[in-house]
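Let me begin by presenting the structure, written as structure tokens, before commenting on it.
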2 protein chains.
Amino acid sequence: MSKKAPIDTRGNIIDTAIPLFAGNGYSGVSVRTIAKLVGISAAALYHHFPDKQSLYLAAMEQAFADKAQAIIKTLTGPENAWGRLDAFLADFIQLMGEDADFRALLQRELLDGDDARLQLLAEQVFREPFEAVSVLMHEINPDIDSHLMAISIAGLVLFHFDSAPIRRFLPGGEQTHDQTDVVFEHIQSLLHQALSRD
Amino acid sequence: MSKKAPIDTRGNIIDTAIPLFAGNGYSGVSVRTIAKLVGISAAALYHHFPDKQSLYLAAMEQAFADKAQAIIKTLTGPENAWGRLDAFLADFIQLMGEDADFRALLQRELLDGDDARLQLLAEQVFREPFEAVSVLMHEINPDIDSHLMAISIAGLVLFHFDSAPIRRFLPGGEQTHDQTDVVFEHIQSLLHQALSRD
DNA sequence: GTCTATAGCCTGATAGAC
DNA sequence: GTCTATCAGGCTATAGAC
């Protein structure tokens with residue numbers, strides 16, 4: 001594809017920055033720290049990005065890239081509504097469970113993101129799958145507010161992973177409780193009950 | 001109660017620090033900024049707290065104080081199980097909806113808290129109500145894993161508020177969708193369906 | 001494209017007067 | 001209990017050599 005597969009310093013910087021920003025937040029990571037981990041000086045980093053904000057934005061875009069597409073496929077598959085719900089749930093839970101950086105960056109954006117960044121995030125990542133989930137919810141049970149239900153599903157999945165650090169100190173908190181298959185089975189049966197039309 | 005109701009500088013510092021830490025995170029707030037807002041110098045602040053970490057911890061304890069007790073009352077009330085679930089939901093949603101600082105500090109602790117702080121938070125705030133919810137879940141439907149269900153309820157409630165910043169940019173996002181009564185009605189009917197024994 | 005050196009500012013924290 | 005002055009070091013970002 002590209003001309004000669006040169007050593008991609010810019011890409012290295014972004015890949016190094018993603019877990020750092022995810023773990024420590026924007027103001028918790030210095031340009032020096034990122035540069036040192038990449039193996040270059042801070043001044044060299046400024047050759048690839050005009051400022052820290054731009055680097056952060058590039059790291060975000062990289063971390064969020066292609067997440068939407070993977071989900072949408074299963075949401076618009078050939079199966080019936082319940083089958084698509086299960087397939088979506090499995091994929092969504094799998095994706096969230098394996099990418100802690102994505103979850104952390106999302107939570108940090110919800111806490112600290114300005115309107116411009118949040119709008120970008122909404123339109124380039126969440127809008128399409130969110131709308132597809134809403135449509136699916138309406139198809140399964142039109143009596144339920146599909147927007148509220150889509151939010152509920154996201155909250156359910158995310159919190160089973162995001163709560164892991166504190167669950168260790170709560171009664172009955174077992175290690176299995178944030179394994180993707182355990183979370184899937186729980187949320188699946190919860191939603192099947194909740195969405196079934198009497 | 002206390003001796004003479006003196007001007008409580010220490011309390012002022014904490015009350016000033018809470019919304020700042022909630023909004024900007026630990027490393028996003030400087031001691032100088034807090035001091036300036038209180039109306040004293042940074043050096044004066046260090047007369048009341050040995051270091052920034054201690055101030056942060058004191059602010060956390062203040063922000064989380066008494067939250068647990070308010071919830072536990074409704075969980076152990078005289079009503080039947082479904083009545084207690086509804087009462088708990090109403091109180092929990094009300095409490096989370098009105099205290100954005102609490103939610104932000106909790107999310108930030110889940111992201112950045114070390115083991116010691118998380119353990120403190122778990123034991124002094126969440127353990128009791130969490131256990132009470134678990135017991136209630138088991139009473140309502142013993143076929144469901146009560147620990148997973150308690151986590152699910154927390155995730156449901158929290159995310160309906162925490163997602164507000166990005167919901168504005170998603171289709172069908174109306175302002176009413178994070179009003180406490182709308183959230184309550186949605187989660188209540190969702191849980192009634194999900195927990196009912198066939 | 002990377003380096004060293006550095007400007008200019010902000011940081012947490014302290015010393016000592018009042 | 002609060003102040004001014006200050007320290008030592010970290011921060012983002014730039015200048016200029018190679």
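Below, read A as the first sequence line, B as the second, and so on, with proteins coming before strands; counting in each chain starts at 1. Since we're looking at a predicted model, the values are computed, not measured.
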(request) Flag the pair A:K67 and A:D99 as a salt bridge only when some basic side-chain nitrogen lies within less than 4.0 angstrom of an acidic carboxylate oxygen. (result) yes
(request) Taking only Lys NZ, Arg NE, NH1 and NH2, and the carboxylate oxygens of Asp or Glu, determine whether B:R108 and A:D112 approach each other closer than 4.0 Å. (result) yes
Take the protein atom [atom1] of [X] and the nucleotide atom [atom2] of [N], then report the distance between them rounded to whole Å.
{"X": "B:R32", "N": "D:dT4", "atom1": "CZ", "atom2": "C1'", "answer": "12 Å"}
{"X": "B:I34", "N": "C:dT11", "atom1": "CD1", "atom2": "C1'", "answer": "13 Å"}
{"X": "B:D51", "N": "C:dT11", "atom1": "CG", "atom2": "C1'", "answer": "14 Å"}
{"X": "A:K52", "N": "C:dC10", "atom1": "NZ", "atom2": "P", "answer": "15 Å"}
{"X": "B:Q53", "N": "C:dT11", "atom1": "CD", "atom2": "C1'", "answer": "14 Å"}
{"X": "B:Y46", "N": "C:dA15", "atom1": "OH", "atom2": "C1'", "answer": "15 Å"}

(request) Can you sort out which residues in residues 16-30 of chain B have a heavy atom within less than 4.0 Å of DNA chain C? Ascending by number, please. (result) B:V29, B:S30
(message) Considering only residues two or more places apart or on different chains, which pairs with a residue in residues 152-172 of chain B satisfy salt bridge (charged side-chain N to carboxylate O under 4.0 Å, His left out)?
(response) A:D115-B:R168, B:R103-B:D162
Validation: residues 34-48 of chain B side-chain donor-acceptor distances under 3.5 Å, sequence neighbours left out:
from: B:S41; atom 1: OG; to: B:A44; atom 2: N; distance (Å): 3.2

(message) Can you tell me how the ring of A:Y26 sits relative to the ring of A:F21, calling it parallel under 30°, perpendicular over 60° and tilted otherwise?
(response) parallel
(message) Could you work out, with side-chain contact (heavy atoms from CB on, under 4.5 Å) as the rule, every residue matching B:V125, not counting sequence neighbours?
(response) B:F64, B:L121
(request) With sequence neighbours left out, write down each residue that passes side-chain contact (heavy atoms from CB on, under 4.5 Å) with B:N141, or none if nothing qualifies. (result) B:D143, B:I144, B:R197
Atom pairs under 3.5 Å: protein N/O with N/O of nucleotides 1-4 of chain C:
from: C:dT2; atom 1: OP1; to: A:T9; atom 2: OG1; distance (Å): 3.2
from: C:dT2; atom 1: OP2; to: A:H48; atom 2: NE2; distance (Å): 2.7
from: C:dC3; atom 1: OP2; to: A:S41; atom 2: N; distance (Å): 2.4
from: C:dC3; atom 1: OP2; to: A:S41; atom 2: OG; distance (Å): 2.9

(message) Rounded at 0.5 Å granularity, tell me how far CE in A:M137 sits from CD1 in A:I151.
(response) 12.5 Å
